[in-house]
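Numbering of residues begins at 1 and proceeds along the displayed sequence.
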Amino acid sequence: MNPRYRILKKHGFIKFEVEEKRTCERIAVEHGVGSATVRRAEKYSRGIDAAEEAVPGAQEEILTGHIKATDEQIVALASIPKEERPAILEELKKKKSDRDDTVLERLKPNRPPPKPKPAPQKKKPTATENNTASQAEQPETSV
């Protein structure tokens, strides 16, 4: 903290501090959750709003469980063009076994494929290990 600021505050010239927090952090503190939870809820809310915009009444159906969808699918609805949302919502109303996966393919997140794990490398022996290995190979000589 700036020394001049400390002196001014100590003598009463500065009576309050403005602590700037992001809105999600302020809401998180108010509700006792993490800021990431608030950001996830915002994305989910945007998806529900997109569904309601496409099909009136969809919001209530999602929140009551009549439309069964994962959180990721609801979030993805916000990024789907408006014209395609009604068809996707109709598929989500069906039982999972009756759904057409080609329609729902658009809701899957575009994640890059996982990186292959590197093959474990052989550990190089240390100098002390080399000495003990070479001693073990040499036959004992009796004097």
Does the Arg39 side chain pair with the main chain of Cys24, one donor and one acceptor, at a distance under 3.5 Å? no

Hey, could you give me the CD/CG distance between Glu84 and Leu89, rounded to the nearest 0.5 Å? 12.0 Å

State whether Lys94 and Glu90 are salt-bridged, where the test is any N-O pair (Lys NZ or Arg NE/NH1/NH2 against Asp/Glu carboxylate O) under 4.0 Å. no

Please step through side chain to side chain contact (heavy atoms under 4.5 Å, CB included) for the pair Glu30 and Glu25, ending with a clear verdict. CA-CA 9 Å; Glu30 288 174 12; Glu25 291 171 351; over 6 Å; no

Short side-chain to backbone donor-acceptor contact, Arg46 and Val75, under 3.5 Å: no

Please report the interatomic distance CZ(Arg85) to CG(Leu92), rounded to the nearest 0.5 Å. 13.0 Å

Which atom pair, heavy atoms only, marks the closest approach of Ala69 to Ile74? CB-CD1, 3.8 Å

Do the side chains of Ile27 and Val33 join up, straight or via other hydrophobic residues, at under 4.5 Å, putting them in one cluster? yes

Given side chain to side chain contact (heavy atoms under 4.5 Å, CB included), test Thr23 with Arg26 step by step and report yes or no. CA-CA 5 Å; Thr23 304; Arg26 193 183 75 248; 3.9 Å; yes

Measuring from atom NZ of Lys43 to atom CZ of Arg40, what distance do you get when rounded to the nearest 0.5 angstrom? 9.0 Å

Between Pro56 and Ala54, the two heavy atoms sitting closest are CD-O, 4.0 Å

Nearest atoms (heavy-atom pairs only) where Ile67 meets Lys93: CG1-CG, 3.6 Å

Rounded to the nearest 0.5 Å, what's the gap from CD on Gln73 to CD1 on Ile88? Could you check? 9.5 Å

In this structure, CD of Glu52 is separated from CG of Leu77 (nearest 0.5 Å) by 12.0 Å

Could you give the side-chain donor-acceptor pairs of residues 57-65 under 3.5 Å, partners two or more places apart or in another chain?
from  : atom 1 : to    : atom 2 : distance (Å)
Thr64 : OG1    : Glu60 : O      : 2.7
Thr64 : OG1    : Glu61 : O      : 3.4
Thr64 : OG1    : His66 : ND1    : 2.7

With hydrophobic residues grouped by side-chain heavy-atom distances under 4.5 Å, do Leu104 and Ile48 end up in a single group? yes

